[in-house]
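Bear in mind that the values here come from a model prediction, so they are computed numbers and not experimental data. One-based numbering, in listed order, for ligands and for the atoms of each.
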Amino acid sequence: MLAQYYFLPRGRYLLLLFSFLLSCGGTDQKEVELSIPQRVNELMAKMTLKEKIGQMNQYNGFWNVTGPSPKEGNAKEKYDHLAQGLVGSMLNVRGAREVRAVQEIAVNKSRLGIPLIIGFDLIHGYKTISPIPLAESASWDLEAIRNSAALGAKEASAAGINWTFAPMVDITRDARWGRVMEGAGEDPYLGSVIASARVKGFQGDDLSSPNSVAACAKHFAAYGFAESGKDYNTVDIGESTLHNIVLPPFKAASDAGVRTFMNAFNELNGIPATADKILQRDILKRDWGFDGFIVSDWGSLKEMIVHGYARDNNHAGELALNGGSDMDMESYIYLSELESLVEEGRVTMAQIDDAVRRILTVKYELGLFDDPFRYCDTTREKEITGAHEIRAGALDMAKKSIVLLKNNNAVLPLKREGQTIALIGPLAADKNSPLGNWRIAGENNSAISVLEGMRKYGANTIIHEQGVKLVNEIPAFHREVNINTTDKSGIKAAKNIAKNADVVVMVLGEYGFQSGEGRSRSKLDLPGFQQELLEEVYAVNKNIILVLMNGRPLVLNWADEHLPAIVEAWHLGTESGNAIAEVLYGDYNPSGKLPMSFPRSVGQMPLYYNYKNTGRPGAKGADAGSVFWSHYGDEKNVPLYPFGFGLSYTEFEYSEITLSKPELTRGTKIEASVTLTNRGVVKGKEVVQMYIRDHYASVTRPVRELKDFELVELAPGESQQIIFEITPETLQFYSANKKWESEPGTFSLFIGTNSATTRSAHFELE
Ligand code: NOJ
């Protein structure tokens, strides 16, 4: 009997059974339609306990290592396990040929031939690198962000990948944490809509399409609240912060249909996330109805012993499965411990079956049972890798990610010709840093540098000096970055070219691997001798345009005070230099807005716009000058650049806010509108932002929260009315009743160009 499956839309499959009835010399063809759950059940009925546990086991491949290796020299054992059907997934195996090689072992050598799901950290592009996720988030352009994820999925899927460990949807308020580069910043609303856009981009409309990959919302949960911004550190937050700030983007990812979740390295209020039953079993799987599977983070089962939570491997396996972790990444614990744990009754067969059912379901949805090699076509890989469409998408996204932080006297855009431009700084000609961190498949030094971009656009004379080196050598992905702290010899040459230049463009910031996993910093200023270089050059030429490349908010007080123009260009990926040149020359009018507050000093951390008022927000009137209020004696409370901040080459004017009515009743809505006018001489885009403050509630509410926004493009002189709808649902929060609801009361509404806007209106909810 031969069996063949055909994919039908909406996850239904047609199983055609061709029975060769030799006795009557003819063919009797029957059609039986089986749903994915039926196919999973049929397969599970044939599986031994050991084979089921195998599906819950994920191994790292033999190339990239994206975490500390718990076992050395075990490639042979891994190959054997593949052939024995004891591996459900591999990560860090990439390339159509390489993936085929491991898939062939799983499919052709193991008893049941269950295909592997191949995971990879496709964080911001595969070979063609798009901007780091924090940068993309600065675009506030959900369609562009969706498209960027879709293009990444297309290129990665052609290289054999069918599952990405992205998006990272961790909200973070602390720029010291290196992984801020990987997320959408500090705000739960912006984080939620971006999470949804990214999931849709990666997964597309049809998971079984060879162009899409399964997505993974990570790190569940609260990893971004690591104490003091130190990676992997303890998290201790209350229920209100957990539900109102941390969980919403995860919920949005789940609602968008994300097929997998990853738990986290951190403990949350004393329980390692890997074993957190309330988070994983109660909230995610039960309350939110998530029916995909949860993978642990790298070795996080085993780390529960180090946390002081599990006694030994056996105990860690028990805690993790009871806690709801379905797949073990690189701890080797499920494979070695689950069988005995079932025998001893410390975990149940039902828990194992549930985990395996979830994993197999996603494999069926990806179409892996229909053709395990669907992602392993080397011709397709060749055609798609670096294709024009993907490069063009990366350039588009890079331009949209740039944030103009300062532009006094319209020094930007640059004149196109007749100028001598001194291009200075350790990152000006750097082709590696713009790729940022998490660009595992990206070739070193493959980005377009600013120098290359500037020479291509415009007809000015560009002279370049590095000034100072930022790092001593190109570090490997997992090695500390070794900052240059001894060699200042290039400063003189930099000053020499700056002296006679019409304009100086300085490209400073962080080395590409200075943010990312394990890259926390206790300082947020320009590393190495860059500040000194900047001030020395300024001494000979004040006409400096500072272009920043960085993976996190930096402290920029001096630059803000002295320089006429500052451009936040993050780590923008492969097309970096082209995007920056287009913006500097005004071919593209920047419209990015900061997804994180930029501090005035590292001591302000954690810093976020949606803080609570406290009982002592300020000392006014007769109390002015008193110390008895919530503040620092040596620093302002407000950031240097607030959340949502970003300028344009044009000027936008906002009208006052009009409310359709002053009172909101259940089942109705209020419309809040403003008219936006482009008062400048060039076309431009503005992100119109709406914030709301709930003045009193059963749990105190932030001073304001982003509730909606709209990206609007206007020609010079053009006006547009922007209308936001507010319903009682808009005003919901996780209340003292431990549920999402809105409470009657007084609300203020703010509409404007960033989170510090003061244009307001007021209404009541009955
Ligand atoms: C550890 C990281 O925390 C996680 O985000 C990543 O997906 C895994 N390593 C695999 O590389």
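- If you run side-chain hydrogen bond (donor to acceptor under 3.5 Å, both in side chains) between Tyr223 and each of Thr172, Asp297, Asp231, Asn263, only Asp231 comes through.
- Less than 4.0 angstrom separates some heavy atom of Met262 from each of these atoms of ligand 1: 4 (C), 7 (O).
- Polar contact check, Asn92 against ligand 1: no nitrogen or oxygen pair lies under 3.5 Å apart.
- Between Arg179 and ligand 1 there is a heavy-atom distance shorter than 4.0 Å.
- In summary, Glu186 and Arg173 do not engage in a salt bridge, as defined by a charged side-chain N under 4.0 Å from a carboxylate O.
- No donor-acceptor contact under 3.5 angstrom links the side chains of Glu77 and Tyr79, judged on distance only.
- Residue contacts with ligand 1: Asp297 is placed with a nitrogen or oxygen under 3.5 Å of a nitrogen or oxygen of the ligand (distance criterion only).
- When the options Arg439, Glu155, Glu575 are evaluated for a side-chain hydrogen bond (donor to acceptor under 3.5 Å, both in side chains) with Thr128, the one that passes is Glu155.
- Only the side chain of His219 comes within 4.0 Å of ligand 1, judged by heavy-atom distances.
- For ligand 1, the polar-atom distance check against Lys218 finds a nitrogen or oxygen pair separated by under 3.5 Å.
- Those atoms of ligand 1 with a heavy atom of Phe165 less than 4.0 angstrom away are 7 (O).
- Of the protein's non-hydrogen atoms, the one nearest atom 6 (C) of ligand 1 is Asp121 OD1, 3.2 Å.
- Using a 4.0 Å cut-off between a side-chain N of Lys or Arg and a carboxylate O of Asp or Glu, Arg519 and Glu480 do not qualify as a salt bridge.
- Under the 4.0 Å criterion applied to side-chain N and carboxylate O atoms, Lys218 and Glu182 are assigned as salt-bridge partners.
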